[in-house]
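All chains are named by letter (A, B, ...) in the order of the sequence lines, taking the proteins before the strands, and each is independently numbered beginning at 1. Because the structure is predicted, anything quoted here is derived from the model rather than measured.
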Protein chains: 2
Amino acid sequence: MIRRLSQARERGIPEATVARLPLYLRALNGMAERGLATVSSEDLAVAAGVNSAKLRKDLSHLGSYGTRGVGYDVEYLIYQISRELGLTQDWAVAIVGVGNLGRALANYGGFVSRGFRVAALLDADPEVVGDRIAGLNVEHIDELETVIRRRGVSIVVLATPAAAAQQVADRVVAAGITSILNFAPVVLSVPEGVDIRKVDLSIELQILAFHEQRKTDRMTGGPAMAEEWPEAVDL
Amino acid sequence: MIRRLSQARERGIPEATVARLPLYLRALNGMAERGLATVSSEDLAVAAGVNSAKLRKDLSHLGSYGTRGVGYDVEYLIYQISRELGLTQDWAVAIVGVGNLGRALANYGGFVSRGFRVAALLDADPEVVGDRIAGLNVEHIDELETVIRRRGVSIVVLATPAAAAQQVADRVVAAGITSILNFAPVVLSVPEGVDIRKVDLSIELQILAFHEQRKTDRMTGGPAMAEEWPEAVDL
DNA sequence: CCCACTTTGTGCATCGGTTCACAAAGGGAC
DNA sequence: GTCCCTTTGTGAACCGATGCACAAAGTGGG
């Protein structure tokens, strides 16, 4: 018996591929809205901003969903990617920390794109507890464990000050959460098995600055070449 | 003549290393505040959440700044990394799009950590133009080119709706900007030589969902294994 | 001055990811 | 049915990044 499906599906999609699937999904949704029925790897690759060989290899990790000579069925591919990413179920998300950023996240519409639902907002500041934001009541951080349990929260977004993040992380992990999106500028330490993704504005800016500096250096003929430590520290 | 410095500094720090330098810098700043004079690669690596061999290799790309048997001088290393990242000069940043997110960014203190200064806020909505946010006047997007030129803006943060992002990107590029931090959920197309970094909440959540699903699948004995396309589309 | 100990810097093996380039597969015309 | 055209799926070469493991370099004690 020749197994036609799932030659490459014995559990294990490369991390780099997983990170691109949401991109493909977004491009596909745009195409579906514009009424396209099928799309070639070339066109989809352009829309997603990657090269077509990479796109095909990525999709091949999910299964063999294209038709040679034709391309991919847009709706079908949307379904397959959504399923693979786990977006056919809906995920209850709790946001901890309702400062400027937390508020922005709560109100961010596209964030509830598909599959995600903000189920709770929590904060430690009695000043904001009770406020109504994006149709939700802000609850006190003391309710954290209860809220997670009662509302089936499985993903927590940390938008707290840096100083509070580790402490909150410990509590949500203790409450059984294994997926955290961290906006606080700290390195969180969590037990194995807990996934953390980090978004850090400051780091992104610094990376840009590095490249920007290099670009302007090039124009002005390189850096001062022997820019030394201001004090008299000789190597 | 044996060149003692810059064996490995002939222009070209790996991208992966650049992305970690800000992490090291943050950890080092914390240590400097606590009064530490020197630090070993092992300790710094733990603080930054990486492994020590990687840390040493990263630092070796900047030069040979450690002392065997001792470690690294905290202040000196802070200076070297800052210089390499271009943080010894200050960068004027403009934020375009003053919705919830733009506001949060403008107010985000740690963002002006060192070297960055929000020099302008711009928006297309006459409703918000003129508002005072984080000590700055919100200006109309028509002023974009003027503001960039007059205030020496070299990094632009896009926090506009998805639909407006490409158009704004075209304008800032035309105005000479080559570094963009994009928060809008679109793939921007820009000429070669322009650096774009993208922050996308929705994508991060989807990646988390993927892993979360996999974890729960494992517990319940794998996915339904032959979960098919709902309609009668036979492969 | 010498020895024991610490810690850096790096050569090397390895791994994961990207890209090329092409055989295999399907569609459509005649 | 046959031929030609399009497009997928993938083997294989390549490239950058990671991690091990150790020699080289420095410190401090006696």
Side-chain angles (χ1 to χ4, degrees), chain A residues 2-21 23-24 28 36-74 76-77 80-81 207 233-235, chain B residues 2-21 23-24 28 36-74 76-77 80-81 207 233-235:
Chain A
I2 304 153
R3 49 191 169 81
R4 316 181 51 178
L5 274 172
S6 70
Q7 307 118 314
R9 282 205 59 199
E10 18 232 73
R11 299 294 99 194
I13 296 178
E15 197 51 38
T17 295
V18 173
R20 282 187 295 265
L21 290 179
L23 226 53
Y24 304 152
L28 284 164
L36 283 173
T38 62
V39 65
S40 70
S41 63
E42 186 55 39
D43 291 352
L44 182 52
V46 168
V50 302
N51 113 5
S52 70
K54 181 149 56 179
L55 172 79
R56 287 198 298 278
K57 183 147 289 186
D58 282 343
L59 294 184
S60 80
H61 288 120
L62 310 189
S64 191
Y65 297 142
T67 307
R68 297 177 191 224
V70 176
Y72 301 88
D73 181 285
V74 173
Y76 185 54
L77 196 49
Q80 290 298 347
I81 295 178
I207 296 171
V233 175
D234 59 301
L235 287 205
Chain B
I2 303 153
R3 49 189 170 83
R4 315 183 50 179
L5 274 173
S6 71
Q7 309 117 316
R9 281 205 60 198
E10 19 233 76
R11 301 292 97 194
I13 296 178
E15 197 51 37
T17 295
V18 173
R20 281 186 296 265
L21 290 179
L23 226 51
Y24 304 153
L28 285 164
L36 283 174
T38 64
V39 65
S40 70
S41 64
E42 184 56 38
D43 291 352
L44 182 52
V46 168
V50 302
N51 115 4
S52 70
K54 181 151 52 180
L55 173 82
R56 287 198 299 276
K57 184 150 289 184
D58 283 343
L59 293 184
S60 79
H61 289 119
L62 310 190
S64 192
Y65 297 141
T67 308
R68 299 180 189 221
V70 177
Y72 300 88
D73 181 285
V74 173
Y76 185 55
L77 196 50
Q80 290 298 347
I81 295 179
I207 296 171
V233 174
D234 57 305
L235 291 203

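- You'll find the side chain of B:Thr38 stays beyond 4.5 Å of the side chain of B:Thr67, heavy atoms only.
- Applying the side chain to side chain donor-acceptor pair (under 3.5 Å) rule to B:Ser41 yields the partners B:Arg56; only residues at least two apart in sequence or on another chain are considered.
- Note: NE2 (A:His61) to P (D:dG11) measures 11 Å, nearest angstrom.
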Review item, side-chain donor-acceptor pairs of residues 44-55 of chain A, under 3.5 Å, at least two apart:
from: A:Asn51; atom 1: OD1; to: A:Ala53; atom 2: N; distance (Å): 2.8
from: A:Asn51; atom 1: OD1; to: A:Lys54; atom 2: N; distance (Å): 3.0
from: A:Ser52; atom 1: OG; to: A:Glu42; atom 2: OE1; distance (Å): 3.2

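- Side-chain N/O atoms of B:Ser64 include one lying less than 4.0 angstrom from OP1 or OP2 on C:dG9.
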request  = Using a 4.0 Å cut-off on protein heavy atoms (strictly under), produce a 5'-to-3' string for nucleotides 17-24 of chain D with B for base contact, S for backbone-only sugar-phosphate contact, and - for none.
outcome  = SSBBB--B
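- Within the 4.5 Å cutoff, the side chain of A:Leu36 has no heavy atoms near those of the A:Asp43 side chain.
- Annotation: side chain to side chain donor-acceptor pair (under 3.5 Å) contacts of B:Thr17 (sequence neighbours excluded): B:Asp58.
- Taking atom CG of residue A:Leu55 and atom C1' of nucleotide D:dG9, one finds them 12 Å apart after rounding to whole Å.
- Remark: B:Tyr72 is not in phosphate contact with C:dT6, judged by side-chain N or O atoms under 4.0 Å from OP1 or OP2.
- Between the CG atom of B:Leu62 and the C1' atom of C:dG9 there is a distance of 13 Å, given to the nearest Å.
- In the region residues 36-48 of chain A, proximity to DNA chain C at under 4.0 angstrom, judged on heavy atoms, holds for none of the residues.
- Note that the OH atom of B:Tyr24 and the CG atom of B:Leu59 stand 6.5 Å from one another [nearest 0.5 Å].
- To the nearest 0.5 Å, atoms CG (B:Asp73) and CD (B:Gln80) are separated by 10.5 Å.
- Using a 4.5 Å heavy-atom cutoff, the side chains of B:Leu21 and B:Leu62 are in contact.
- Rounded to an integer number of Å, the gap from CG of A:Asp73 to P of D:dT8 is 13 Å.
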